[in-house]
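Here's the structure, in structure tokens; my notes come after.
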Protein chains: 2
Amino acid sequence: MDAGQIDQVRRFNRTVTERVGALHDHFLGRDRPIGEARLLWEIGEAGQEVRQLRERLGLDSGYISRLLRSLTDAGLVAVEPEPGDRRVRTVRLTEAGRAERTMLDDRSDELAGSLLRPLNAAQRARLVDAMGEVDRLLTAATVTLAAVDPDHADARHCLRSYFTELQERFEAGFDPARSLLPDAGELRPPYGLFLVARLHGEPVGCAGLKLPPGAPAEIKRMWVAPDARRLGLGRRFLSELEERAVRHGRDVLRLDTNKTLNAAKGLYEACGFREVPAFNDEPYAHHWFEKRIGRPPA
Amino acid sequence: MDAGQIDQVRRFNRTVTERVGALHDHFLGRDRPIGEARLLWEIGEAGQEVRQLRERLGLDSGYISRLLRSLTDAGLVAVEPEPGDRRVRTVRLTEAGRAERTMLDDRSDELAGSLLRPLNAAQRARLVDAMGEVDRLLTAATVTLAAVDPDHADARHCLRSYFTELQERFEAGFDPARSLLPDAGELRPPYGLFLVARLHGEPVGCAGLKLPPGAPAEIKRMWVAPDARRLGLGRRFLSELEERAVRHGRDVLRLDTNKTLNAAKGLYEACGFREVPAFNDEPYAHHWFEKRIGRPPA
DNA sequence: AGGATTCTCTGACTATGGTCAGAGAATGGA
DNA sequence: TCCATTCTCTGACCATAGTCAGAGAATCCT
């Protein structure tokens with residue numbers, strides 16, 4: 001890694017922990033310990049199970065119990081046993097808690113404003129752009145890819161979202177029954193595999209790879225959650241799948257796509273795929289792509 | 001302020017405090033309380049007076065005293081009375097302290113590396129660029145301008161640096177005696193004023209304004225420290241001085257500049273100055289500029 | 001039914017970060 | 001010379017954040 005880059009990152013870290021980090025705690029914890037403030041924030045409008053909170057914030061169960069007690073005593077939250085499983089307890093914000101949370105929200109706005117205020121309009125615009133870029137790339141760096149069974153809860157979640165989205169975007173809607181859908185067996189070893197991308201533990205994308213014996217590998221059901229777009233995740237899926245296809249001895253990688261997914265088309269081309277005649281009769285496909293893989297192009 | 005901007009800043013704050021802030025403390029304070037680590041870091045190679053440290057870190061004198069004691073006991077620093085004023089004490093790193101600080105330095109590199117590592121080369125380059133931009137603009141937002149007497153220590157520091165730099169950059173060197181230098185009286189009320197820019201309390205730039213009775217206002221001795229360039233500070237000086245000249249009833253603002261300072265020339269033009277014939281016979285000037293101020297151009 | 005497991009809570013404890021009110025030494029100013 | 005000021009240190013506090021080892025209740029599994 002380039003020393004100049006490291007240096008720039010270090011300067012960034014320093015500036016940002018001084019200007020943002022310090023202020024952040026200061027604003028957030030103005031009249032309440034910041035542990036409590038963070039917890040209050042994390043509970044959210046909808047309420048949460050205690051164990052989820054513990055997981056998410058990475059806190060000791062004794063500690064969180066005490067924090068909740070203190071918030072309960074202050075009348076900000078109510079803790080009740082979950083009807084289904086009475087060992088589990090759920091936390092909800094009370095009216096007062098909601099008000100308090102709104103105040104935290106306002107403070108967060110205030111902090112953001114205080115960073116922008118000293119700048120002129122042009123500088124503000126540039127700062128906000130650059131922050132967006134940093135935000136996106138740091139987030140991109142925390143996304144993990146993992147191979148899972150297509151029946152895994154996270155996989156199913158992604159597939160459901162994928163189908164819903166196709167339905168909305170295709171002019172004539174999308175009926176899974178009419179499409180050449182691989183059944184789950186085709187996307188699990190040894191006939192294929194299925195990748196899920198996760199961000200902070202939540203599934204945010206998927207991609208399947210068919211590895212039919214003695215035939216080209218084929219990418220199916222690649223999807224990225226709207227929130228996780230612009231993170232280079234599509235590109236990452238493609239290169240990960242390509243690598244795995246090579247590892248399984250394939251030298252051609254194929255995929256088909258619908259014309260309404262034009263961003264995808266650009267991606268495939270940028271990643272070295274070229275358009276080829278239809279190699280299947282998927283009714284929903286308008287474009288077919290292929291890439292020779294496994295050794296540098298001659 | 002634009003709500004979309006506020007939102008982006010908030011997302012940035014969140015991502016960055018999670019990814020950078022948390023890791024930062026984790027890396028820094030691995031085997032030493034982070035208060036001590038920060039102090040050790042801030043002492044620096046050269047040593048510091050205790051009161052400076054207190055000022056800089058904003059800590060209670062009792063607290064810092066205890067921290068220093070603990071570092072002394074660990075053999076990392078030595079505290080001695082300042083020979084000149086034996087109430088003041090200075091801290092230096094011992095050999096072991098220097099080693100410890102080097103380790104902190106390495107960790108900081110490690111942290112920076114851990115942010116870049118998951119990204120590909122193109123993403124890294126973009127992240128580093130964006131971080132540079134954020135860093136610059138956040139820093140720019142913390143610079144303050146203040147009017148001071150030209151004899152103030154900070155003002156003199158800036159002027160010394162300014163002259164040194166001219167000497168280096170002008171082809172034929174720079175001899176203050178030959179130049180049409182305003183004497184200090186011309187840059188203090190009521191005949192003028194002198195601004196100093198400060199970053200974290202350190203002077204990083206200056207600019208003088210002559211306000212000769214019944215004549216156009218004139219900018220003199222504008223300088224920005226090399227470390228503080230690219231922060232839009234020149235532009236800020238110009239608009240601050242313009243505003244003050246208007247407040248003093250002037251409707252024309254003038255300045256002269258040397259041809260080797262070409263960045264400056266571009267700045268003046270971008271700020272609405274236009275080149276005019278020489279209005280003085282400053283031997284070191286090659287270009288003269290003027291701007292009508294105080295009301296929108298007709 | 002009964003033991004293992006899961007989930008939360010309690011009590012006891014620790015370290016860190018920090019504040020506050022002087023005390024004591026050195027210095028500066030009248 | 002003496003009083004006020006500056007600077008550091010000490011002792012006595014305090015709150016927050018967190019850990020650890022059970023205990024008790026509910027549930028799951030066989």
Side-chain angles (χ1 to χ4, degrees), chain A residues 17-18 21-43 47-74 76-92 104, chain B residues 17-18 21-22 24-43 47-74 76-92:
Chain A
T17 47
E18 266 178 25
L23 271 179
H24 182 259
D25 289 1
H26 176 72
F27 270 71
L28 212 64
R30 211 143 51 184
D31 34 31
R32 183 169 303 291
I34 96 131
E36 287 182 19
R38 254 164 51 202
L39 187 53
L40 199 59
W41 182 261
E42 211 60 46
I43 290 168
Q48 288 272 322
E49 294 180 3
V50 169
R51 58 178 175 185
Q52 287 179 335
L53 287 172
R54 206 174 47 226
E55 167 86 9
R56 187 114 116 218
L57 294 168
L59 300 177
D60 177 86
S61 84
Y63 183 32
I64 211 169
S65 174
R66 237 176 299 270
L67 287 176
L68 283 174
R69 162 63 78 100
S70 148
L71 289 174
T72 310
D73 289 350
L76 300 175
V77 306
V79 183
E80 286 161 358
E82 176 86 6
D85 179 344
R86 292 163 44 83
R87 290 169 304 182
V88 179
R89 315 200 70 189
T90 53
V91 196
R92 288 177 310 92
L104 292 177
Chain B
T17 48
E18 267 178 25
H24 182 259
D25 288 2
H26 177 71
F27 270 70
L28 212 64
R30 211 144 49 184
D31 34 29
R32 182 169 304 289
I34 96 133
E36 288 182 20
R38 252 164 53 200
L39 187 53
L40 199 59
W41 182 260
E42 210 62 44
I43 290 169
Q48 288 272 320
E49 295 181 2
V50 169
R51 58 180 174 184
Q52 287 180 333
L53 287 172
R54 207 175 46 228
E55 167 86 7
R56 185 115 115 220
L57 295 169
L59 300 177
D60 176 86
S61 84
Y63 183 33
I64 212 170
S65 172
R66 236 175 300 270
L67 287 176
L68 282 174
R69 163 63 78 102
S70 146
L71 289 174
T72 310
D73 289 351
L76 300 175
V77 306
V79 182
E80 287 161 357
E82 176 85 6
D85 179 345
R86 292 163 44 82
R87 291 169 304 182
V88 179
R89 315 200 71 189
T90 52
V91 197
R92 288 178 308 94

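Within every chain, numbering begins at 1; the chains are lettered A, B, ... in the order of the sequence lines, protein sequences first and strands thereafter. Keep in mind the model is a prediction, meaning the values are calculated, not measured.
Side chains of A:Glu49 and A:Asp85 form no contact here, defined as non-hydrogen atoms less than 4.5 Å apart.
Checking side-chain atoms of B:Ser65 against main-chain N and O of B:Ser61 turns up no donor-acceptor pair under 3.5 Å.
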Contact string for nucleotides 24-30 of chain C, one letter per nucleotide 5' to 3', B = base within protein heavy-atom range under 4.0 Å, S = sugar-phosphate only, - = neither, reads --BS---

Reading nucleotides 14-19 of chain C from the 5' end, what letters show protein touch, with B for base, S for backbone sugar-phosphate only, - for no heavy atom under 4.0 Å? --SSBB

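Look at CZ on A:Arg51: it is 9 Å from C1' on C:dT6, rounded to the nearest Å. When rounded to the nearest whole Å, the span between CG of B:Leu71 and C1' of D:dC9 equals 16 Å. Rounded to an integer number of Å, the gap from CD of B:Glu80 to C1' of D:dC9 is 17 Å. In this entry the distance linking CG of A:Leu68 with P of C:dT10 reads 11 Å, nearest Å. D:dT16 atom C1' lies 14 Å from atom CG of A:Leu39, rounded to whole Å. The CD atom of B:Gln52 sits 17 Å away from the P atom of D:dT6 (whole-angstrom rounding). Going from atom CD of B:Glu55 over to atom P of D:dC7 covers 11 Å, rounded to whole Å.
Residues passing the side chain to side chain contact (heavy atoms under 4.5 Å, CB included) test with A:Glu42 are A:Leu53, A:Arg56, A:Leu57, B:Arg14, sequence neighbours excluded.
No donor-acceptor contact under 3.5 Å links the side chain of A:Ser61 to the base of C:dC7.
No more than 12 heavy-atom neighbours from other residues, nucleotides or ligands sit within 6.0 angstrom of CD on A:Glu55.
Of the inter-residue distances, the one linking B:Leu39 atom CG with B:Ile34 atom CD1 reads 11.5 Å to the nearest 0.5 angstrom. Of the inter-residue distances, the one linking B:Leu40 atom CG with B:Arg32 atom CZ reads 7.0 Å to the nearest 0.5 angstrom. Between the OG1 atom of A:Thr90 and the CD atom of A:Gln52 there is a distance of 10.0 Å, given to the nearest 0.5 Å. Going from atom CD of A:Glu80 over to atom CZ of A:Arg89 covers 8.5 Å, rounded to the nearest 0.5 Å. How far CD of B:Glu36 is from CG of B:Leu68: 9.5 Å, rounded to the nearest 0.5 Å.
Side-chain nitrogen and oxygen atoms of A:Arg54 include at least one within less than 4.0 Å of the OP1 or OP2 phosphate oxygen of C:dT8. Close to D:dT8, at under 4.0 Å from its OP1 or OP2, lies no side-chain N or O of B:Arg89.
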